[in-house]
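Working notes, structure below.
Within every chain, numbering begins at 1; the chains are lettered A, B, ... in the order of the sequence lines, protein sequences first and strands thereafter.
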Number of protein chains: 2
Amino acid sequence: MQHKSLGNTQCPIARSLERVGEWWSILILRDALAGLRRFDAFQQSLDIAPNILARRLTSLVESGLLERRQYQERPPRYEYVPTALGRDFRPVLLALLAWGNRNFAPEGVSVQIVDAGTGAVADPVLVDRASGRPVALAPFRIAAGPAANERLRRRYERLEKSAAAPAAGETR
Amino acid sequence: MQHKSLGNTQCPIARSLERVGEWWSILILRDALAGLRRFDAFQQSLDIAPNILARRLTSLVESGLLERRQYQERPPRYEYVPTALGRDFRPVLLALLAWGNRNFAPEGVSVQIVDAGTGAVADPVLVDRASGRPVALAPFRIAAGPAANERLRRRYERLEKSAAAPAAGETR
DNA sequence: CAGTATCCTGTCCGATACTG
DNA sequence: CAGTATCGGACAGGATACTG
């Protein structure tokens, strides 16, 4: 993923994708956040070729999502543990999980989020921290921020106008 | 993305990635949910080659995230509008946006979520709908669900045990 | 305007073999 | 156990030309 417009984009989504755009990366992160640490563990869990695993692991370390840490002197052995940045990625993973569960689990849910204390199944919603309202629904919208350049600012102005208009047919 | 283990996986994250694993898809979806509809609009916004755009658009339609809709008879013209499934993807996109803003915006936020009514900037958190507690933090964990097969169930049992153990050093 | 048709390149990925 | 080294194949993505 070395797209010209991605390198210097202002879009935070594109910036995020620079780090986790490859799907193996996300699956590895999923496992790492679940507690897996060692090369071997990842390989078994993912059924991935070792060279590919090594490559993805390295790229995740370079992106700062994982830390490569020596846990044994001789022979030297390393494990991969999520950094703060990596742990901060959890909500994205859980949102992805929830979307999958809502839409692609016709035979029932096979992986879910639970409260380890009570065993209650959680139903994740993305809300605004202050008001508690769901952020994915109106009246919330995406807008240019303080650091936006002129081009971006104009773009969102334009979008706002056209959204004020018909907002034509959403499907189904 | 036609990985053997992905086709029949039980993991909802992997299932999601089957639909949106390619990064162009996510960027297109971002624009579609922002209100873009036409081929031309996507192309300008994304600076993408037309053949690639056509390919990704088709795959998003096939995955059921976008609907191709004729808006003019002659010459026949089509536009691409998000389906219910596509709109349901919004929280994932916003979680990705928030992660990017928190971590990769040293010079300030250039795109943000705002309340269109009040203009207040939103701070998205993923919480449990019932309890309102952040789902990304303890005591919440990922666990096998009712439809999990034996293999998956065992796997999460094992993880639960090792998590009960030291839960060794998280970085930073 | 909304694409299709070609051609080409990069690299992601899979398979396999090998090593300290 | 934790990788590295090689090789090959598929396809995403880029550039460009063309069409109704």
>> Please confirm whether the shortest side-chain N or O distance from W23(B) to OP1 or OP2 of dG13(D) is below 4.0 Å.
In response: yes
> About how many Å separate CD of Q43(A) and CZ of R38(A), when rounded to the nearest 0.5 Å?
Replying inline: 14.5 Å
>> Which nucleotide, if any, forms a Watson-Crick or G-U wobble pair with dG20(D), using both distances under 3.5 Å?
In response: dC1(C)
> How long is the line joining CG of L27(A) and P of dC13(C), in whole Å?
Replying inline: 11 Å
> Can you check whether W24(A) has a side-chain N or O nearer than 4.0 Å to OP1 or OP2 of dT11(C)?
Replying inline: no
>> I'd like to know if N51(B) reaches the base of dG13(D) with its side chain, counting only an N/O donor and acceptor under 3.5 Å.
In response: no
>> Using the side-chain heavy atoms of A49(B), tell me which of these nucleotides is nearest: dT4(D), dA15(D), dG14(C).
In response: dA15(D)
>> Using whole Å, what does the distance between atom P of nucleotide dC12(C) and atom CG of L57(A) come to?
In response: 15 Å
> Under 4.0 angstrom, heavy atoms only, what part of the nucleic acid is P75(A) near: base, sugar-phosphate, or nothing?
Replying inline: nothing
>> So if I take every side-chain heavy atom of R56(A) and compare against dG14(C), dG3(C), dC12(C), which nucleotide ends up nearest?
In response: dC12(C)
> Over how many whole Å does the gap from R37(B) atom CZ to dA2(C) atom P extend?
Replying inline: 14 Å
> To the nearest angstrom, how far is L17(B) atom CG from dC12(C) atom C1'?
Replying inline: 15 Å
> What is the distance, rounded to the nearest whole Å, between atom CD1 of I48(A) and atom C1' of dG3(D)?
Replying inline: 13 Å
>> How many whole angstroms separate atom CG of L46(B) from atom P of dG14(D)?
In response: 10 Å
>> Just the rounded figure in Å: distance from P of dC13(C) to CD1 of I26(A).
In response: 11 Å
> Just by distance, do the side chain of R15(A) and the backbone of G100(B) share a donor-acceptor pair under 3.5 Å?
Replying inline: no
> Are any of R55(B)'s side-chain N or O atoms less than 4.0 Å away from OP1 or OP2 of dG13(D)?
Replying inline: no
> Taking the side chain of F39(A) as heavy atoms from C-beta outward, which of dA17(D), dC13(C), dG3(D) is closest to it?
Replying inline: dG3(D)
>> If you only use heavy atoms from C-beta on, which nucleotide in dC1(D), dA15(C), dA17(D) is closest to the side chain of Y71(A)?
In response: dC1(D)
> Expressed in angstrom and rounded to an integer, what is the separation of D47(A) atom CG from dC13(C) atom C1'?
Replying inline: 13 Å
> In Å, rounded to the nearest 0.5 Å, how long is the span from CG of L17(B) to OG1 of T9(B)?
Replying inline: 10.0 Å
>> Strictly distance-based, threshold 3.5 Å: is any side-chain N or O of S110(B) a donor or acceptor partner for the main-chain N or O of G145(A)?
In response: no
>> Can you tell whether the side chains of R154(B) and E150(B) come within less than 4.0 Å, N to carboxylate O?
In response: yes
> The side chain of I52(B) lies closest to which of these nucleotides: dA12(D), dA2(D), dG14(D)?
Replying inline: dG14(D)
> Side chain of P50(A): nearest nucleotide among dC13(C), dG3(D), dT4(C)?
Replying inline: dG3(D)
>> If you only use heavy atoms from C-beta on, which nucleotide in dG13(D), dC1(C), dG3(D) is closest to the side chain of R77(B)?
In response: dC1(C)
> Between the side chains of S45(A) and R155(B), is a donor N or O closer than 3.5 angstrom to an acceptor N or O?
Replying inline: yes
